[in-house]
Amino acid sequence: MGDDGKFMRKRTLFTLIVVSVLLVLSACGGTDSAAEDKIDEINETPKTGLNETTIDEVIAKKDDNKAFYVLMYDAKKKYVKNTKLLEVYDKALKDKDMPAFYLNLNTLDDEKKQKVEAVSESYSNRTSGHNPFEDGGMAVVHGGQFNSAYAYQGSAWILNTLIGKANTENNTFRDEGLYSKVEKEIQFNIDYINEENVELTY
């Protein structure tokens, strides 16, 4: 009877240890999951100014009917750096308290470029004087579509050409003429969402 009692106590102790370990592991798993969820929430809400993204993320957000600004351009990284393009857009957007995503189409691999071509071809079938995929510039994505504020305004904007020109002439987007064009583009986008009553959701 004494041996049976010791055996039962040991068995009960072992069971308690196993249950305790499982509970600790379960709690740790919950903490990790909660931390990952927190990170996802942070990533879902872009900061004011420019936020880097990918073409896959842009298309997924579009297909999910999110409404957001995206700046697209097609330029070598050194041109972007030399012309201070991202610095200027970031500053101009922050001045308006606006978050926007950005994407350099020049850095995409062949598979991603094919995705862009497919989306651009679909966009080009619409009546538009400005194609942000081909010309560069900001677009407003809403209602499952890419929309150009320039097309809405009936004017054109060829950012890709301006980047190349600024780089060869040793200018930057900080120069008054180019900076004012960036500000004008951002204002066009603000006017567009106001006129269309678009609620940005990101």
Which residues pass the salt bridge (charged side-chain N to carboxylate O under 4.0 Å, His left out) test with Lys115, sequence neighbours left out? Asp56
According to salt bridge (charged side-chain N to carboxylate O under 4.0 Å, His left out), who are the partners of Asp175, at least two apart in sequence or on a separate chain? none
Test side-chain contact (heavy atoms from CB on, under 4.5 Å) on Asn131 and Ser148; report intermediate values, then the result. CA-CA 7 Å; Asn131 184 331; Ser148 167; over 6 Å; no
Under 3.5 Å donor-acceptor, Asn51 side chain and Lys47 backbone: yes
Are Leu71 and Leu50 close enough that some pair of their side-chain heavy atoms sits under 4.5 Å apart? yes
Side chain Asn104, main chain Lys76, donor-acceptor under 3.5 Å: no
What's the verdict on side-chain contact (heavy atoms from CB on, under 4.5 Å) for Phe173 and Ile163, showing C-alpha distance, side-chain angles and the deciding distance? CA-CA 8 Å; Phe173 279 83; Ile163 295 169; 4.0 Å; yes
Partners meeting salt bridge (charged side-chain N to carboxylate O under 4.0 Å, His left out) with Asp90 (sequence neighbours left out): Lys94
More than 12 heavy atoms of other residues, nucleotides or ligands under 6.0 Å from CG of Asn170: is that the case? no
For Thr172, what residues pass the side chain to side chain donor-acceptor pair (under 3.5 Å) criterion, not counting sequence neighbours? none
Return the set of residues passing side-chain contact (heavy atoms from CB on, under 4.5 Å) with Glu57 (not counting sequence neighbours), or none when no residue passes. Thr53, Thr54
If we only count heavy atoms from C-beta on, is the Met138 to Val70 side-chain gap below 4.5 Å? no
Just jot down the side-chain contact (heavy atoms from CB on, under 4.5 Å) partners of Asp95, sequence neighbours excluded, or say none. Lys91, Tyr179
Check: His142 and Tyr192 side chains under 4.5 Å, non-hydrogen atoms: yes
Output all residues satisfying ring pair (Phe, Tyr, Trp, His ring centres under 6.0 Å) with Tyr102, sequence neighbours left out; order by chain, then residue number. none
Any chance NZ of Lys112 has more than 12 other-residue heavy atoms, nucleotides or ligands included, within less than 6.0 Å? yes
Near Lys113 NZ, under 6.0 Å, is it more than 12 heavy atoms from other residues, nucleotides or ligands? yes
Under the side chain to side chain donor-acceptor pair (under 3.5 Å) test, which residues partner Asn167, sequence neighbours left out? Asn82
Run the numbers on Ile55 and Glu111 for side-chain contact (heavy atoms from CB on, under 4.5 Å), then give the verdict. CA-CA 11 Å; Ile55 188 62; Glu111 182 186 348; over 6 Å; no
What residue pairs, at least two apart or across chains, pass ring-ring contact (aromatic ring centres under 6.0 Å, His included) with a residue in residues 51-73? Phe68-Phe101
Checking Glu185 against Tyr89: is there a side-chain donor and acceptor pair closer than 3.5 Å? yes
Do Val116 and Leu108 come within less than 4.5 Å of each other through their side chains, counting heavy atoms only? yes
Anything under 30° is parallel, anything over 60° is perpendicular, the rest tilted; go ahead and classify Tyr150 against His130. tilted
With Glu169 via side-chain contact (heavy atoms from CB on, under 4.5 Å) - residues at least two apart: Lys165, Asn171
For Glu87, the salt bridge (charged side-chain N to carboxylate O under 4.0 Å, His left out) test, sequence neighbours excluded, returns Arg174
Contact check, side chains of Phe133 and Asp74, non-hydrogen atoms, under 4.5 Å: no
Donor-acceptor pair, distance only, cut-off 3.5 Å: does the side chain of Asn147 make one with the backbone of Gln145? yes
Apply side-chain contact (heavy atoms from CB on, under 4.5 Å) to Lys96 and list each qualifying residue two or more places apart in sequence or on a separate chain. Met98, Ile186, Gln187, Ile190
Heavy-atom side-chain proximity of Lys61 to Ile59 below 4.5 angstrom: no
